Amino acid sequence: MNRKLRMGAISFEHGHQYGWMRAMLRLPSVELVAISEPDERLRARALAEIHAYDRLAFGHDPDQGDVRVYAEHADLIGATDIEAVSICAANVQHHALTVAAAAADKHVLCEKPLAVSLDEATDMVRACRSAEVQLGLAYPVRHAPAAWEAKQRLAAGELGAIQAMSVTNVLRAATVGWFIDPEKSGGGAIRDHIVHGTDLMRWLSAREVREIYCEADPRMRDIPVEDTGMLIEVFENGVIGTCDPSWNRPLTWPKWGDVTARILCARGVLEIDVTGDYVALTDASSPRPGYAPSPRTRGEGGGEGPAWPPPPPHRHLGFGASMDHYLLQDFAASVLAGRAPCASGRDGWAGVACIEAAYASARTHRFVEVAQFADHVTW
Amino acid sequence: MIARALIGPGPARDDRRAAYRACLGLSAVTDWDGRGTPSVGLDAQAVVDAGDPSALPPQALTDVAAAGALLVVGAPLEHVLPLRLVYATPDVRAGPLATMVEALGGLGVRTMTKAVVLTDDGHLAPALFRACLALRFLGGPIERLAARRRTLGPAGDGLWAVGRHADGSIAYLEASAAYPAGTGLEIFQALGRDQVLEYDGRTRGNRVWHDGQWRPLPAHRISPYGLFVQWLAAATDPHIAHHNARVAGAVVLYHAVLAAADRPEAMAL
């Protein structure tokens, strides 16, 4: 029987942990040993998801002893039967939790962005290397089947060299709670979203970003972080990429957001839309009287957020594969095989470097040089 | 009064020729690449339609000026010349951009405007000008702009610009004429707090499979360029009548994008 990676899920402050947990419960290579979440409401929701899975998988109510539940992250990190953790806390906690987990010999899958400063990112990468544990970054877009296919075609050279790239990772204006509290998030759409598109371009081109120009500020809502932005990214080989990370789609947009890429090559063009596989729903009953937003539709960040309208009459129901499933599968396989995950701490560090350059550019209205890993991180 | 048309090089030459023929008659329209004497007269009653004026030899512009002919251009000229000049603006008369311009009133507070014009015809100047027209008509005046230019291959360059409109919303422009055959596209977006207007040329539903690829079917019985030529033929002094702040703003933007492309910082307009 193949060995399973024994994992713990730390924090549900970022809603992505629910998707990761569902993947952990389903993957044959992972055993979800414990979860930790100080917030009682979030903890209850996580437990409900586990119970729902048990009923689906086993046809009966679960034995609650199967997955341990901690109210304190330190207790999970200290558990000796857990080999790896997934961290989905508010951005400012990534550093402390990752360093603590590494010190306890736990491999770490960290939600993006890796950190809220380059110094913290460097410290996290060093801590994991010193402890000889893997540091994986949650860049799930790499695991979208279309992105994977694109990577293979580009690597095979069938389309020729990349000439230009353009990505979008836009979102409904639904981010609330800690996401829009700069003390906890370290920023808005730039901190939260450029990493997906930028990493996709880095990964597909196998090149680093050298300089960035960015315009960004809150335009969609009166919030203390930017929700609209646009970047020009110049790669080390001169290729130009652009990135739209905005949270500026109306709440009535038919889908949650998007991740798209247009890659111009010497002999063709690749176009990716990870939200492109969908069934269109037209709902004649909308607006529904008495509609109450569920936690999932309330918006990321855990807060109450804006007054949600009823579900829009036109919606896109995605049928694409779960990127979370493949993200967790790759992380578990990498740890069990003793290799680096598809997206490593170095990739997370590069994302933070791009974020810092983008903010500096938005302040100065200049192209700003992006810090390079090899120049800053020595062992 | 326009009696004759000389169709210069540039994008959509077949469409431009057809538009003038429908308006002026078959014998009144001929092609002219700016070299030698055209088969129809070059005089004050002639219009020279230069889809890409940078593709005309400099002497041709001098000849047009000397003849007092009307010059229709798909992109601004590099140098100021004493010409009766009209910028081709078919997009703002019919088609997706015109529809979007009419619908702008409901956007609410603007967040961003995007204009992406990517073609496969090798004529960058008109692709850039169309993007500038779209950005200016959809988003208003631009106050700040940073840009980059890069050669994308033998077919030419690409240009990318990010900046700010006067109302504080973000502006994005992308233009190239170096895309592989059949892969060009247009994306226009005007985003506000209350509404989002988006046009993506890839989602056109009316199409025909021919010569190994899908081709769009026309959305108008008279093409946007045909409407533009009809207006041109009916106007008393089109080179005066067509001037307005938005077209002038697009011309300024066009030159600004080119000028900003080599600079390390944003340029104020």
Side-chain angles (χ1 to χ4, degrees), chain A residues 159-166 168 170 172-173 211-222 226-235 237-244 246-254 260 262 264-271 273 361-362 364-369, chain B residues 107-114 116 118 120 143-165 167-174 176 178-185 187 189 191-196 198 200 202 260-261 263-268:
Chain A
L159 295 169
I162 291 175
Q163 306 296 314
M165 298 181 279
S166 177
T168 66
V170 302
R172 286 175 180 150
E211 59 176 7
I212 283 178
Y213 183 85
C214 174
E215 295 277 357
D217 60 4
R219 295 287 306 173
M220 189 69 183
R221 291 182 289 162
D222 297 321
E226 74 285 353
D227 59 22
T228 305
M230 193 71 209
L231 292 85
I232 297 175
E233 302 183 2
V234 184
F235 284 74
N237 56 352
V239 166
I240 307 293
T242 62
C243 178
D244 178 355
S246 304
W247 302 336
N248 67 347
R249 293 313 193 261
L251 297 179
T252 48
W253 217 40
T260 73
R262 172 168 34 86
L264 171 65
C265 303
R267 294 191 294 277
V269 181
L270 267 168
E271 292 187 359
D273 179 357
S361 173
T364 61
H365 311 312
R366 299 181 64 85
F367 281 86
V368 171
E369 190 174 343
Chain B
L107 285 186
V109 175
R110 303 288 189 88
T111 64
M112 188 187 294
T113 307
K114 292 185 182 182
V116 177
L118 306 172
D120 58 6
E143 289 195 342
R144 183 170 73 228
L145 192 78
R148 280 291 179 266
R149 178 172 188 158
R150 184 170 190 265
T151 299
L152 298 177
D157 294 357
L159 280 154
W160 299 261
V162 171
R164 290 277 181 176
H165 291 283
D167 66 0
S169 60
I170 292 174
Y172 173 63
L173 178 149
E174 183 178 352
S176 174
Y179 267 58
T183 66
L185 65 91
I187 297 172
Q189 293 181 339
L191 300 109
R193 289 188 180 187
D194 299 333
Q195 290 182 349
V196 170
E198 296 179 287
D200 185 333
R202 292 167 296 190
R263 297 168 64 137
E265 72 286 316
M267 203 168 93

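In the text below, chain A, chain B and the rest are named by the order of the sequence lines, each starting its count at 1. Source: prediction; values computed, not measured.
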Undergrad: State whether B:R202 and A:D273 are salt-bridged, where the test is any N-O pair (Lys NZ or Arg NE/NH1/NH2 against Asp/Glu carboxylate O) under 4.0 Å.
TA: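 No salt bridge links B:R202 with A:D273.
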
Undergrad: Do you know which of A:G268, A:G238, A:A164, A:S246 has the most heavy-atom pairs under 4.5 Å to chain B?
TA: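 Heavy-atom pairs under 4.5 Å are most numerous for A:G238.
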
Undergrad: Please lay out, stage by stage, how A:R262 and B:V116 fare under the test side chain to side chain contact (heavy atoms under 4.5 Å, CB included).
TA: CA-CA 12 Å; A:R262 172 168 34 86; B:V116 177; 4.0 Å; yes

Undergrad: To the nearest 0.5 Å, what is the distance between CZ (A:R366) and CZ (B:R263)?
TA: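 Those atoms lie 10.0 Å apart.
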
Undergrad: Would B:R148 count as a cation-pi partner of A:F367, with NZ or CZ less than 6.0 Å from the six-membered ring centre and within 45° of the ring normal?
TA: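 Positive - B:R148 is close enough to the ring of A:F367 and near enough to its axis.
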
Undergrad: Check step by step if side chain to side chain contact (heavy atoms under 4.5 Å, CB included) holds for B:Y172 and A:D244.
TA: CA-CA 9 Å; B:Y172 173 63; A:D244 178 355; over 6 Å; no

Undergrad: Tell me, for A:S166 versus chain B, whether the close heavy atoms (under 4.5 Å) come from the side chain, the backbone, both or neither.
TA: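 The side chain, not the backbone.
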
Undergrad: Once you round to the nearest 0.5 Å, how far does CD1 of B:I170 lie from CD of A:E215?
TA: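 One gets 6.0 Å once the value is rounded to the nearest 0.5 Å.
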
Undergrad: Quick check: closest heavy atoms across A:I232 and B:A146, and the distance to 0.1 Å?
TA: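 A:I232 and B:A146 have their closest heavy atoms at CD1-O, 3.9 Å.
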
Undergrad: With rounding to the nearest 0.5 angstrom, report the CZ to OG1 distance, A:R249 to B:T111.
TA: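 Going from the CZ atom of A:R249 to the OG1 atom of B:T111 covers 7.5 Å.
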
Undergrad: For residues A:R219 and B:R110, report the shortest heavy-atom separation together with the two atoms involved.
TA: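 Scanning both residues completely, I find the closest heavy atoms to be NH2-O, 2.6 Å.
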
Undergrad: Please flag which part of B:R144 lies under 4.5 Å from any non-hydrogen atom of chain A: side chain, backbone, both or neither.
TA: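 Only the side chain of B:R144 comes within 4.5 Å of chain A.
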
Undergrad: Considering only heavy atoms from C-beta outward, does the side chain of A:C214 approach that of B:V162 to under 4.5 Å?
TA: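 A:C214 does not reach B:V162 side chain to side chain.
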
Undergrad: Checking B:S176 against chain A: side chain, backbone, both or neither under 4.5 Å from a heavy atom?
TA: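 For B:S176, no heavy atom lies under 4.5 Å from chain A.
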
Undergrad: Supply the atom-to-atom distance B:R193 CZ to A:D222 CG, rounded to the nearest 0.5 angstrom.
TA: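 Interatomic distance, B:R193 CZ to A:D222 CG, rounded to 0.5 Å: 4.5 Å.
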
Undergrad: Return the option, out of B:T151, B:L118, B:D194, B:V109, with the maximum number of heavy-atom pairs under 4.5 Å with chain A.
TA: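 Sorted descending by pairs with chain A, the first entry is B:L118.
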
Undergrad: Can you tell which of A:L231, A:D227, A:V239 has the highest number of heavy-atom pairs within less than 4.5 Å of chain B?
TA: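 Greatest number of close heavy-atom pairs with chain B: A:V239.
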
Undergrad: Is the CD atom of A:E369 crowded by more than 12 outside heavy atoms at less than 6.0 Å?
TA: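 No, because the 6.0 Å sphere around CD of A:E369 holds 12 heavy atoms or fewer from other groups.
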
Undergrad: Any chance you could measure A:Q163, atom CD, to B:Y179, atom OH, to the nearest 0.5 Å?
TA: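 Spacing of CD (A:Q163) from OH (B:Y179) equals 10.0 Å.
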
Undergrad: B:P180 and A:V269: which non-hydrogen atoms are nearest, and at how many Å?
TA: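 In terms of heavy atoms, the two residues are closest at CD-CG2, 3.8 Å.
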
Undergrad: Check whether B:A147 gets within reach of chain A through its side chain, its backbone, both or neither, counting any heavy atom under 4.5 Å.
TA: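 Contact with chain A is through the backbone of B:A147 alone.
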
Undergrad: Counting heavy-atom pairs under 4.5 Å with chain A, which one of B:G153, B:A161, B:G163, B:G158 comes out on top?
TA: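 Ranked by heavy-atom pairs under 4.5 Å with chain A, first place is B:G163.
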
Undergrad: Answer yes or no: is there a side-chain heavy-atom contact under 4.5 Å between B:M112 and A:V170?
TA: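 No, too far: nothing below the 4.5 Å cut-off.
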
Undergrad: Taking side chain as everything from C-beta outward and backbone as N, CA, C, O, which of these in B:L191 sits under 4.5 Å from a heavy atom of chain A? Side chain, backbone, both or neither.
TA: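 The side chain, not the backbone.
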
Undergrad: Just how far is it from atom OG1 of A:T242 to atom CH2 of B:W160, taken to the nearest 0.5 Å?
TA: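 It is 8.5 Å, given to the nearest 0.5 Å.
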
Undergrad: If we define contacts as heavy-atom pairs under 4.5 Å, which of A:G229, A:P250, A:A161, A:P218 has the most with chain B?
TA: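 Heavy-atom pair counts peak at A:G229.
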
Undergrad: At a 4.5 Å cut-off on heavy atoms, which part of B:D167 comes close to chain A: side chain, backbone, both, or neither?
TA: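 The answer is both parts of B:D167.
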
Undergrad: Chain B: which of A:D217, A:L264, A:V234, A:N248 shares the most heavy-atom pairs with it under 4.5 Å?
TA: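 The candidate making the most pairs under 4.5 Å is A:L264.
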
